[in-house]
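Because only heavy atoms are used, hydrogens play no part in the values below, and waters and symmetry mates are left out as well, while side chains stay in. For clarity, every value in this text was computed on a predicted model and none was experimentally measured.
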Amino acid sequence: MKEIRSLLNSMVVCAVALAMVSTLAAQTVNQGAAKVVRLKGSARYSTGNNVWEQLKVGDVVKPGTVIQTAGNKSSVDFVLGDGSAPVARPVAEGMLSYQPTAEQNLVRMWENTLLSFDKLTFTETGADVVTETQLDLKAGHIFGMVKKMSAASKYEVKIPNGVAGIRGTTYDISAEGLIKVLAGSVVLAYVGPDGTVVTQVIMGLQQFDARTGVLTQLSDLDKRGMGVLVKQLPVVFTPMPTPLSADKTLKFVSPH
């Protein structure tokens with residue numbers, strides 16, 4: 001009898017130990033990435049020391065990378081995740097197409113935009129996936145589509161004068177502090193004219209300008225424009241990047 005009890009106790013201890021190990025393993029923080037799935041015009045990236053390289057479709061951008069788009073209607077589309085997203089595939093001569101999965105978040109950088117991917121992590125808790133996304137919009141503006149996240153997940157966009165917390169949202173944010181929300185909500189904390197921190201909630205179909213402190217309804221033009229992007233961004237046919245000629249020089253906004 002004592003031997004049986006001893007064996008049972010040992011089994012319980014082992015089971016508890018295994019459960020603890022499994023829990024710890026399930027909660028390991030994994031580094032995510034952003035993958036370039038479309039590129040129109042030209043863009044470049046830097047991982048430090050002010051050394052810049054040309055950005056290409058298929059590049060995997062890790063945290064700490066700064067991306068900069070050129071002018072002339074250049075744009076870059078990223079899928080946020082673990083970097084395994086497929087790239088845009090050729091569907092016709094000179095054309096590309098890409099369709100993300102339902103769980104992937106999308107970010108489009110417009111022309112003359114400077115964006116840093118500060119943090120991209122995901123943690124498997126066993127019950128769900130906790131993600132943490134931190135983008136730093138230094139210049140220009142971006143459009144994003146954020147899918148449903150777990151309660152503990154965070155998605156933030158820094159701008160020079162504040163930080164926007166985003167949740168289940170279709171948004172457009174400029175570095176100057178103009179925020180447009182088609183669906184979902186954004187909470188902006190920013191420094192007001194008197195130097196105090198002000199918090200503003202922007203709901204779906206609203207826009208807020210931190211420069212003036214004015215909250216208004218989204219215009220019909222913006223509703224249509226953002227609605228078109230919601231339909232087109234997941235499946236867009238875009239021209240393939242055109243190689244630069246030897247005598248053509250790109251003009252980038254300063255990263256400083």
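The backbone N or O of Val66 lies less than 3.5 Å from no partner atom in the side chain of Ser46, so there is not a single donor-acceptor pair. Side chain of Asn161 to main chain of Val191: a donor-acceptor pair is present (N/O by atom type, distance under 3.5 Å, no hydrogens or angles). Judged purely by atom type and a 3.5 angstrom limit, Gln68 has no side-chain atom pairing as donor or acceptor with the backbone of Arg44. A donor-acceptor pair is defined here as one N or O able to donate and one able to accept, closer than 3.5 Å; such a pair exists between the side chain of Thr169 and the backbone of Arg167.
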Checklist entry - Does the side-chain contact (heavy atoms from CB on, under 4.5 Å) test come out yes or no for Leu188 and Thr199, once each step is laid out? => result CA-CA 6 Å; Leu188 175 67; Thr199 301; over 6 Å; no
Item to check | Trace of the salt bridge (charged side-chain N to carboxylate O under 4.0 Å, His left out) decision for Asp77 with Arg38 | outcome: CA-CA 5 Å; Asp77 291 350; Arg38 299 186 194 87; 2.9 Å; yes
Checklist entry - Can you list the steps and then say if Val37 with Val57 is a side-chain contact (heavy atoms from CB on, under 4.5 Å)? => result CA-CA 6 Å; Val37 293; Val57 172; 6.0 Å; no
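Going from atom CD of Glu132 over to atom CG of Asp118 covers 11.0 Å, rounded to the nearest 0.5 Å. Taking CG of Asp209 as the start and CG of Leu178 as the end, the distance is 5.0 Å to the nearest 0.5 Å. In this structure, CD on Glu176 lies 10.0 Å from NE2 on His141, to the nearest 0.5 angstrom. To the nearest 0.5 Å, atoms CD1 (Ile166) and CE (Met145) are separated by 13.0 Å. A distance of 10.0 Å separates OG1 of Thr216 from CZ of Phe208, quoted to the nearest 0.5 Å. Remark: Gln217 CD to Lys223 NZ distance equals 6.5 Å, nearest 0.5 Å.
Side-chain contact between Phe117 and Leu80 is present, with at least one heavy-atom pair separated by less than 4.5 Å. Side-chain atoms of Ile179 and Gln200, non-hydrogen and from C-beta on, never get closer than 4.5 Å to each other. The side-chain heavy atoms of Lys62 and Gln31, taken from C-beta on, include no pair separated by under 4.5 Å.
When each of Thr47, Leu55, Leu120, Leu115 is paired with Thr65, the side-chain contact (heavy atoms from CB on, under 4.5 Å) condition holds for Thr47 and for no other. For the pairing with Arg108, the side-chain contact (heavy atoms from CB on, under 4.5 Å) check across Leu229, Val76, Thr69, Ile142 returns one residue only, Leu229.
Asn49 CG: 12 or fewer foreign heavy atoms inside a 6.0 Å radius.
Across Ser42 and Gln54, no two heavy atoms sit closer than the pair CB-NE2, 3.6 Å.
Identified under the ring-ring contact (aromatic ring centres under 6.0 Å, His included) test for residues 143-186, with sequence neighbours left out: none.
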